Visitor: 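Take a look at this one; I'll ask things after.
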Amino acid sequence: MTVLFVDESFTQRSLDPVRQIRSLVGTLRALDPSLGQDSILVGGASTSTLDFSSETVGQFNTMRILTVAAIFVVLLVVLGSYPLAITGILSIGLSITWAYAATLLFFNNVLHSGVLFIIPLILFLLL
Amino acid sequence: MTISSFTLLQSIGVGLGFGVLIALLVSLTLIPSFILIAGDRIFWPRSGKRFETFAVRARKKKAERPGYFRRAAGFSVRRPALVLGLTVIISIPAIYISLTGATSYDFTAGLTHAESVDGIAVLEKSFGAGQIGPTQVLVQFPAAILTNGNLTKIAQANLETLSQSIGNLANVKVVTGPTRPNGAPVNATNMRTVMPLDRLAIFGISGRIIGRRW
């Protein structure tokens with residue numbers, strides 16, 4: 001089956017229905033034993049974008065934890081102090097948060113567009 | 001990032017890793033050698049007399065008015081509680097904005113003069129925005145769904161349930177498939193009742209979707 005959306009494929013308004021379609025398929029398969037026997041897959045431009053975004057965000061979360069832990073260990077060894085290492089981590093975290101918030105404010109209010117979902121990851125890497 | 005299973009992240013991780021490693025190697029080997037060979041000429045054009053003039057001027061300027069970094073550090077040392085309080089006050093909305101801000105998924109946004117973007121704009125204007133990147137729902141049945149050229153009742157019911165439910169979602173313009181060749185539901189279990197054009201569309205859709213299994 002082919003599903004055409006009102007908006008173009010890469011807008012939030014086209015990605016939300018993809019989530020809804022997947023959820024709907026799950027519900028219908030649970031309710032209808034006949035549909036439960038079928039194998040149903042949802043694909044396409046919006047779906048690929050959504051999966052790409054989910055995968056990136058998911059792996060980014062794991063990376064964040066690992067990186068912060070690694071930096072903490074390095075700072076602890078170099079500085080030899082827990083408070084200094086924690087302050088170092090917090091200041092880096094604050095820099096990233098403030099920078100991302102400022103970027104979002106600028107894009108949403110001045111340029112009237114959204115920030116690419118991959119930007120938090122890039123900011124994290126750069127800062 | 002290198003241990004990530006995602007190629008994009010993996011490549012960034014490997015690139016960054018090599019970048020840091022090479023920068024470290026260069027800093028520890030090439031730069032010291034170069035400085036040693038160049039000697040004082042490394043500071044050219046601010047070397048010799050020019051450096052002395054510059055140093056006097058810089059010292060004088062510093063004595064008259066301390067630099068921004070010194071003033072900022074001095075202020076933080078004098079008012080630590082104020083700086084900490086301001087940090088917390090700014091951080092709360094910053095965290096909120098970071099967590100709730102709208103993000104974009106369009107990598108082509110901003111490419112105003114790219115041929116591909118112009119082409120998409122024309123296609124959107126002519127055929128509708130959703131036509132460019134449709135979403136496909138693939139249903140694989142455990143058994144054949146055609147008998148004597150007609151769709152089985154179970155296949156018809158299942159496909160129609162899905163089509164109807166998906167069609168009711170917000171932002172969905174139209175759902176097409178074997179039970180809805182042109183968006184409107186038809187009874188594909190009896191092809192004789194289906195209009196010739198719809199029948200052609202059904203076989204087109206079915207041929208594309210189910211392919212050789214038919």
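Not measured: the values here are computed from a predicted model. To find a chain, count down the sequence lines: A is the first, B the second, and so on, and within it residues start at 1.
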Visitor: Quick one: what part of A/L104 sits under 4.5 Å from any heavy atom of chain B, side chain, backbone, both or neither?
Guide: side chain
Visitor: Could you check which of B/L16, B/T135, B/T103 has the highest count of heavy-atom pairs closer than 4.5 Å to chain A?
Guide: B/T135
Visitor: Say whether, by atom type as modelled, one donor and one acceptor occur between the side chain of B/S98 and the main chain of A/T97 under 3.5 angstrom.
Guide: yes
Visitor: For each of A/T62, A/L116, A/L121, tally heavy-atom pairs with chain B at distances under 4.5 Å, and name the one with the top tally.
Guide: A/L116
Visitor: Give the member of B/A157, B/G101, B/A170 that has the highest number of heavy-atom pairs under 4.5 Å with chain A.
Guide: B/G101
Visitor: Kindly determine whether A/F52 and A/F117 satisfy ring pair (Phe, Tyr, Trp, His ring centres under 6.0 Å), including the steps that lead there.
Guide: CA-CA 10 Å; A/F52 176 63; A/F117 67 92; 5.4 Å; yes
Visitor: Please identify, among B/I90, B/T161, B/L159, B/T179, the residue contributing the most non-hydrogen atom pairs under 4.5 Å to chain A.
Guide: B/I90
Visitor: Side-chain contact, heavy-atom cut-off 4.5 Å: A/R22 with A/T47?
Guide: yes
Visitor: When only pairs under 4.5 Å are counted, which of A/L28, A/D32, A/L50, A/V25 shares the most heavy-atom pairs with chain B?
Guide: A/L28
Visitor: At a heavy-atom distance under 4.5 Å, which candidate from A/L66, A/V42, A/L35 has the highest pair count against chain B?
Guide: A/L35
Visitor: For A/I21, is it the side chain, the backbone, both or neither that has a heavy atom under 4.5 Å from a heavy atom of chain B?
Guide: both
Visitor: With a 4.5 angstrom heavy-atom cut-off, which part of A/N108 approaches chain B: side chain, backbone, both or neither?
Guide: side chain
Visitor: Of the backbone (N, CA, C, O) and the side chain (C-beta and beyond), which part of A/S113 lies under 4.5 Å from a heavy atom of chain B, both, or neither?
Guide: neither
Visitor: Among A/S39, A/A102, A/G114, A/P120, who wins on heavy-atom pairs under 4.5 Å with chain B?
Guide: A/S39
Visitor: Please work out which of the three classes, parallel, tilted or perpendicular, describes the rings of A/F60 and A/F124, given edges at 30° and 60°.
Guide: perpendicular
Visitor: Around atom CZ of B/R70, are there more than 12 heavy atoms from other residues, nucleotides or ligands closer than 6.0 Å?
Guide: no
Visitor: Test your reading of the model: is there a side-chain donor-acceptor pair from B/N148 to the backbone of B/N150, 3.5 Å cut-off?
Guide: no
Visitor: Hey, which of A/F10, A/W98, A/F107 has the most heavy atom pairs under 4.5 Å with chain B?
Guide: A/W98
Visitor: With a 4.5 Å cut-off on heavy-atom pairs, point out which of B/N158, B/I12, B/I95 contacts chain A the most.
Guide: B/N158
Visitor: Between B/L99 and chain A, which part of the residue has a heavy atom less than 4.5 Å away: side chain, backbone, both or neither?
Guide: neither
Visitor: Are the side chains of A/Q12 and B/Y105 in contact, using a 4.5 Å heavy-atom criterion?
Guide: yes
Visitor: At a 4.5 Å cut-off on heavy atoms, which part of A/I119 comes close to chain B: side chain, backbone, both, or neither?
Guide: neither
Visitor: Counting heavy atoms not belonging to B/I154, are there more than 12 under 6.0 Å from its CD1?
Guide: no
Visitor: Between A/V18, A/T56, A/T11, who has the most heavy-atom pairs with chain B when the cutoff is under 4.5 Å?
Guide: A/T56
Visitor: Look only at the side chain of B/Q156 and the backbone of B/V186, and say whether a donor-acceptor pair between them is shorter than 3.5 Å.
Guide: yes
Visitor: Does the A/S48 side chain pair with the main chain of A/G44, one donor and one acceptor, at a distance under 3.5 Å?
Guide: yes
